[in-house]
Amino acid sequence: MKAAALSSFGGPEVLTLTEVPEPRAGAGTVRVRVRAAGVQHFDTGIRQGWAPPSVDLTFPVIPGNEFAGVIDEVGEGVTGFSVGDEVLGYTTTKSYAQYVVAPADQIVPKPENMPWDVAGGFTANGLGAHLCLKEMGVHPGDTVLIHAAAGALGTFSVQLARAWGATTVIGTASEANHDYLRSIGAIPVTYGEGLVERVRAVAPDGVDAAMDNAGPDALRASVELVADKNRIRTMLSDEVAEELGVPLLGPGRSAERLAELTELYAKGLIKIHIRQAYPLERAADAHRELETGHGRGKIVLTVD
């Protein structure tokens, strides 16, 4: 099969279209014919040689931790799924390929109204937003601050906070993305010096919870704005969080969380903006685009 794979670690150029053996479904797993796969900063870290301790990076390494496609093999002991089912789900690696094998408890049915490009890039940011906002204790009536709100994770987080009843969601972004943030239900505030004062101006009664998707400066601003550090989380700045006494985000990916999110999508409460869809052979360009740090919405790979 074809896969966007690594034979060495380095810049985007090391990610090339490669022929690799097809995986087979084993006990408790399904094989999915991939239609689309999301592109994450996690994947660019893998490309550069970083990985969690449990991940084997034996070459060829195939990045990709979220996917959508059609089941074409069902392993022994799997119930609830059949060949031909349209699904989306997650792995840790190996999704940048024509086929991926995943445990059956890491996939859910794809909503009929969800396009393939959206489905391929739905899981990782959705689960990240769900986990982070749940640990922050977001509930009806809250004022919530989302840093880097125009990015893929930020966009999801804004809409999920609103779906869970937050009265006010403030999103930090460059001025070019302010209209976009308004369109998804956030009050936009510009990055940079004076951020704390600008947030206080639009939230004079205070901020109840904050999510950092931007880095240390955003996390420090959050600590100034939120009285209870237990209601702050960061996706990027663990070392600074420990210095400031902000709890670290725990694990928590699950099909149950993902099913809740797909239901919200099916009801029209979550909308995903696709910034760019690249064919599998242009995975390196997708990584280059992601690493610019600019733009709004999600980058995905489409697979023939």
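- For the pair M1 and V20, the minimum side-chain heavy-atom distance is below 4.5 Å.
- Taking each heavy atom of L131 and G252 in turn, the nearest pair found is CD2-N, 4.0 Å.
- Applying the side-chain contact (heavy atoms from CB on, under 4.5 Å) criterion to T16, with sequence neighbours excluded, gives T18.
- Put simply, V169 and I272 are part of the same group of oily side chains (I, L, V, M, F, W, Y) that touch within less than 4.5 Å, one to the next.
- One distance of note links OH of Y96 with CG of L6; it measures 9.5 Å at 0.5 Å rounding.
- Rounding to the nearest 0.5 Å places CG of L88 at 8.0 Å from CZ of F67.
- Listed by chain and number, the residues in a salt bridge (charged side-chain N to carboxylate O under 4.0 Å, His left out) with D85 amount to none (sequence neighbours excluded).
- Between D304 and L280 there is no side-chain heavy-atom pair separated by less than 4.5 Å.
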- request: Given side chain to side chain contact (heavy atoms under 4.5 Å, CB included), test M235 with L249 step by step and report yes or no.
  value: CA-CA 7 Å; M235 303 297 286; L249 191 66; 3.4 Å; yes
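- In this structure, the side chains of D142 and R231 come closer than 4.5 Å at one or more pairs of heavy atoms.
- Under a 3.5 Å cut-off, the side chain of H178 and the backbone N or O of A173 do form a donor-acceptor pair.
- Identified under the side-chain hydrogen bond (donor to acceptor under 3.5 Å, both in side chains) test for residues 61-77, with sequence neighbours left out: R24-E73, R31-D72, Q40-E66, D43-N65, E66-K298.
- Follow the hydrophobic side-chain contacts under 4.5 Å out from V138 and you reach I184 in the same cluster.
- Here the straight-line distance linking atom CG of L244 with atom CZ of R220 works out to 6.0 Å at 0.5 Å rounding.
- Closest of all the heavy-atom pairs between I62 and A3 is CD1-CB, 3.8 Å.
- A salt bridge (charged side-chain N to carboxylate O under 4.0 Å, His left out) check over residues 266-283, counting only residues at least two apart or in different chains, returns the pairs E263-K267, R275-E289, R282-D285.
- The aromatic rings of F42 and W50 stand perpendicular to each other, their planes meeting at an angle above 60°, with 30° marking the opposite boundary.
- For the residue pair I170 and A203, the shortest heavy atom distance occurs at CD1-CB, 3.7 Å.
- For the side-chain contact (heavy atoms from CB on, under 4.5 Å) test with I146, the passing option among L133, T155, L181, T172 is L133; the others fail.
- Two different hydrophobic clusters hold I274 and V39 under the rule that ILVMFWY side chains link at heavy-atom gaps under 4.5 Å.
- Shown here for A4 and A283, the closest heavy-atom pair between the two residues is CB-CB, 3.6 Å.
- In terms of hydrophobic clustering, with Ile, Leu, Val, Met, Phe, Trp and Tyr side chains grouped at heavy-atom distances under 4.5 Å, V61 and V34 are assigned to a common cluster.
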Q: Mind running ring pair (Phe, Tyr, Trp, His ring centres under 6.0 Å) on F9 and F59 for me, showing each step along the way?
A: CA-CA 10 Å; F9 299 119; F59 294 117; 4.8 Å; yes
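- For R162, the salt bridge (charged side-chain N to carboxylate O under 4.0 Å, His left out) test picks out no residue, with sequence neighbours left out.
- Legend: salt bridge (charged side-chain N to carboxylate O under 4.0 Å, His left out) pairs involving residues 180-199, not counting sequence neighbours, sorted by first then second residue: D179-R182.
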Please list, one pair per line, the donor and acceptor atoms closer than 3.5 Å that link side chains of residues 204-214 to other protein atoms, with sequence neighbours excluded.
unit_1 : atom_1 : unit_2 : atom_2 : d
D208   : OD2    : T143   : N      : 2.7
D212   : OD1    : A214   : N      : 2.7
D212   : OD1    : G215   : N      : 2.8
D212   : OD2    : T234   : OG1    : 2.6
D212   : OD2    : S237   : OG     : 3.4
N213   : ND2    : H147   : O      : 3.0

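- Side-chain N or O atoms of Q159 include none that pairs as donor or acceptor with a backbone N or O of I270 at under 3.5 Å.
- Here the closest heavy-atom approach between residue L258 and residue L127 is recorded as N-CD2, 3.7 Å.
- Here the CD1-CD distance, from I232 to E135, works out to 13.5 Å after rounding to the nearest 0.5 Å.
- Taking the side chain as every heavy atom from C-beta outward, L248 and E242 approach each other to under 4.5 Å.
- A search for salt bridge (charged side-chain N to carboxylate O under 4.0 Å, His left out) contacts involving R296 returns nothing, not counting sequence neighbours.
- Note on residues 7-21: no pairs pass salt bridge (charged side-chain N to carboxylate O under 4.0 Å, His left out), not counting sequence neighbours.
- Residues meeting the side chain to side chain donor-acceptor pair (under 3.5 Å) test with T29, sequence neighbours left out: none.
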Exercise. Under the side chain to side chain contact (heavy atoms under 4.5 Å, CB included) criterion, do V70 and E86 qualify, and how do the steps go?
Worked result: CA-CA 5 Å; V70 181; E86 297 181 347; 4.2 Å; yes
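- Residues that satisfy the side-chain contact (heavy atoms from CB on, under 4.5 Å) test with H130, not counting sequence neighbours, are K134, L160, W164, R257, E260, L261.
- The two residues T123 and G89 have their closest heavy-atom pair at OG1-O, 3.4 Å.
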Show every donor-acceptor pair shorter than 3.5 Å between a side-chain atom in residues 100-122 and any protein atom, with sequence neighbours excluded, or say none if there are none.
unit_1 : atom_1 : unit_2 : atom_2 : d
Q106   : NE2    : Y90    : O      : 2.7
K110   : NZ     : M114   : O      : 2.8

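- The OG atom of S157 sits 8.0 Å away from atom CG of N125, with the distance rounded to the nearest 0.5 Å.
- Residues V240 and V226 share a hydrophobic cluster, clusters being chains of Ile/Leu/Val/Met/Phe/Trp/Tyr side chains in contact below 4.5 Å.
- In this structure, the separation between CZ on R233 and CG on N230 is 6.5 Å, given to the nearest 0.5 Å.
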